[in-house]
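For reference, the structure discussed in these notes is given below.
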Amino acid sequence: MIALTKDNRMLGYQLLSRYSNISHFVTTREGGCSGGNYASFSCSPFSGDEQANVARNQEILCSLLPQKPEFLLIPFQTHGTKIAVINTDYIYSSTEQQKNMLNGVDALITNEQGCCLCISTADCIPVLLYDPCRKVVAAVHAGWRGTVAGIVSKTLELMRERFQIETSDVIACIGPGISAASFEVGEEVYETFKKEGFAMEQISFLHPQTNKWHIDLWEANRLQLIQSGVQANHIEQSGICTYVNYEQFFSARRLGIRSGRILSGIMLNR
């Protein structure tokens with residue numbers, strides 16, 4: 001990944017940085033005003049941090065972007081596969097209606113300028129998508145439940161349906177999340193992936209000392225992208241394990257559920 005700010009509080013991707021008509025970012029734990037397990041750049045309103053701190057951190061975030069978003073969209077995620085298309089219905093709705101539209105949503109898609117689509121994670125896998133031909137962006141929250149349910153594939157399918165994209169044009173970036181080495185799972189999780197037809201020889205291994213299965217969510221989502229038609233050379237992976245690098249990135253397994261969240265965002269500039 002590349003640094004978008006001198007203090008490394010926001011990182012980005014080489015592939016997406018080539019396009020001047022979009023802004024994107026991945027936050028770290030640096031440079032905010034929150035404390036404790038939220039220290040310090042906690043931008044998600046749904047993880048228990050004080051709202052005044054979250055609001056201030058969001059102000060800092062928006063000030064660091066090349067262009068200030070008209071809307072900073074952060075859905076209340078539920079590890080499901082509900083996808084919201086952000087259009088004029090959202091833009092011209094009341095604040096309360098907008099809040100309801102983002103409830104229970106784990107992926108966002110838009111072709112509207114100035115709408116910054118964000119996903120909150122702390123070990124789960126954030127995926128940012130951009131079709132430079134149709135000018136459509138998406139942000140996807142892919143924890144293990146979302147991954148096994150095919151949320152990345154479903155997001156690409158909805159982008160095809162609503163915006164007539166070609167998946168071969170899509171740029172996809174897989175962000176910081178828990179690595180296979182750190183993601184030990186129970187037999188039931190392994191069997192769930194196997195039942196859904198994942199290539200278990202590519203996305204899992206049995207630890208020789210613990211005799212426990214480990215799942216590679218990065219690879220599972222990369223394969224999902226390729227199977228959906230995204231070109232391999234259009235995919236960038238951060239390779240950053242949040243569990244190992246918990247001092248720089250929030251990790252729920254390290255810090256507990258009541259801790260901060262990484263924010264990954266993408267926006268079509270006005």
Side-chain angles (χ1 to χ4, degrees), residues 1-2 4 11-26 65-67 69-71 73 75 81-91 105-119 121 124-142 146-147 149-177 197-199 202-203 217-239 263-270:
M1 299 189 75
I2 59 173
L4 297 181
L11 305 180
Y13 299 99
Q14 292 279 4
L15 287 181
L16 291 176
S17 66
R18 299 173 183 174
Y19 300 96
S20 60
N21 65 314
I22 64 170
S23 298
H24 79 285
F25 61 85
V26 176
L65 293 174
Q67 189 176 105
E70 186 173 348
F71 298 96
L73 294 92
T81 57
K82 184 178 177 181
I83 305 163
V85 176
I86 303 303
N87 52 26
T88 52
D89 289 343
Y90 177 90
I91 291 170
V105 168
D106 282 86
L108 299 169
I109 304 169
T110 196
N111 67 344
E112 297 288 342
Q113 296 177 352
C115 293
C116 187
L117 310 183
C118 299
I119 289 297
T121 58
C124 292
I125 310 301
V127 182
L128 299 181
L129 305 172
Y130 174 51
D131 178 0
C133 296
R134 293 288 182 175
K135 305 296 187 293
V136 181
V137 294
V140 186
H141 167 237
T147 300
I151 190 168
V152 165
S153 296
K154 289 174 180 176
T155 302
L156 287 166
E157 181 57 39
L158 190 55
M159 290 170 73
R160 275 194 296 261
E161 179 185 316
R162 294 291 185 91
F163 301 104
Q164 294 76 52
I165 70 153
E166 296 289 341
T167 49
S168 58
D169 296 326
V170 170
I171 305 299
C173 294
I174 300 171
F198 282 82
Q202 290 181 254
I203 70 158
L217 294 177
W218 294 336
E219 181 65 5
N221 282 286
R222 190 187 73 86
L223 292 175
Q224 212 170 116
L225 288 163
I226 289 173
Q227 289 161 6
S228 295
V230 178
Q231 298 183 63
N233 63 344
H234 284 186
I235 301 172
E236 181 175 343
Q237 298 187 80
S238 73
L263 213 62
S264 298
I266 189 166
M267 176 179 72
L268 292 166
N269 296 332
R270 292 186 299 277

Query - Sequence neighbours excluded, every pair satisfying salt bridge (Lys or Arg N to Asp or Glu O under 4.0 Å) that has a member inside residues 223-236 - result: none

Are the side chains of [X] and [Y] in touch, meaning some heavy atoms are under 4.5 Å apart?
{"X": "F198", "Y": "Q224", "value": "yes"}
{"X": "S17", "Y": "L4", "value": "no"}
{"X": "S238", "Y": "V26", "value": "no"}
{"X": "K82", "Y": "P75", "value": "no"}
{"X": "E112", "Y": "T88", "value": "yes"}

Kindly give the heavy-atom pair with the smallest separation between [X] and [Y], and that separation in Å.
{"X": "I125", "Y": "G177", "result": "CD1-CA, 3.7 Å"}
{"X": "A149", "Y": "K154", "result": "O-NZ, 3.0 Å"}
{"X": "T121", "Y": "C124", "result": "CB-O, 3.6 Å"}
{"X": "W218", "Y": "G175", "result": "NE1-O, 3.7 Å"}
{"X": "A138", "Y": "I109", "result": "CB-CG1, 3.9 Å"}
{"X": "P126", "Y": "P176", "result": "CD-O, 3.2 Å"}

Requested in this report: Return each pair, listed once, that meets side chain to side chain donor-acceptor pair (under 3.5 Å) where at least one residue sits in residues 126-139; pairs must be two or more places apart or across chains.
Outcome: N21-Y130

Requested in this report: Among residues two or more places apart or on two chains, list those pairs meeting side chain to side chain donor-acceptor pair (under 3.5 Å) that have a residue in residues 159-175.
Outcome: E157-R160

Could you list the residues that satisfy side chain to side chain contact (heavy atoms under 4.5 Å, CB included) with [X], not counting sequence neighbours?
{"X": "Q113", "answer": "L268, R270"}
{"X": "L225", "answer": "L129, V152, L156, A172, I174, V230, I235"}
{"X": "S20", "answer": "none"}

Query raised in the report: What pairs with F163 under ring pair (Phe, Tyr, Trp, His ring centres under 6.0 Å), at least two apart in sequence or on another chain?
Result: none

Query raised in the report: Of all residues at least two apart in sequence or in a different chain, which pass the ring pair (Phe, Tyr, Trp, His ring centres under 6.0 Å) check with Y13?
Result: H24

Working to the nearest 0.5 Å, report the span between [atom1] of [X] and [atom2] of [Y].
{"X": "I266", "Y": "L16", "atom1": "CD1", "atom2": "CG", "answer": "5.0 Å"}
{"X": "N87", "Y": "I91", "atom1": "CG", "atom2": "CD1", "answer": "7.5 Å"}
{"X": "L223", "Y": "S228", "atom1": "CG", "atom2": "OG", "answer": "10.5 Å"}
{"X": "C116", "Y": "F71", "atom1": "SG", "atom2": "CZ", "answer": "12.5 Å"}

Using side chain to side chain donor-acceptor pair (under 3.5 Å) as the criterion, list what pairs up with [X], not counting sequence neighbours.
{"X": "T110", "value": "none"}
{"X": "E219", "value": "R222"}
{"X": "T155", "value": "none"}
{"X": "N269", "value": "S23"}

Report task. Could you walk me through whether Y90 and V85 pass side-chain contact (heavy atoms from CB on, under 4.5 Å), step by step? Result -> CA-CA 9 Å; Y90 177 90; V85 176; over 6 Å; no

Query raised in the report: Would you say the side-chain atoms of H141 pair up with the backbone N or O of I119, donor to acceptor, closer than 3.5 Å?
Result: no

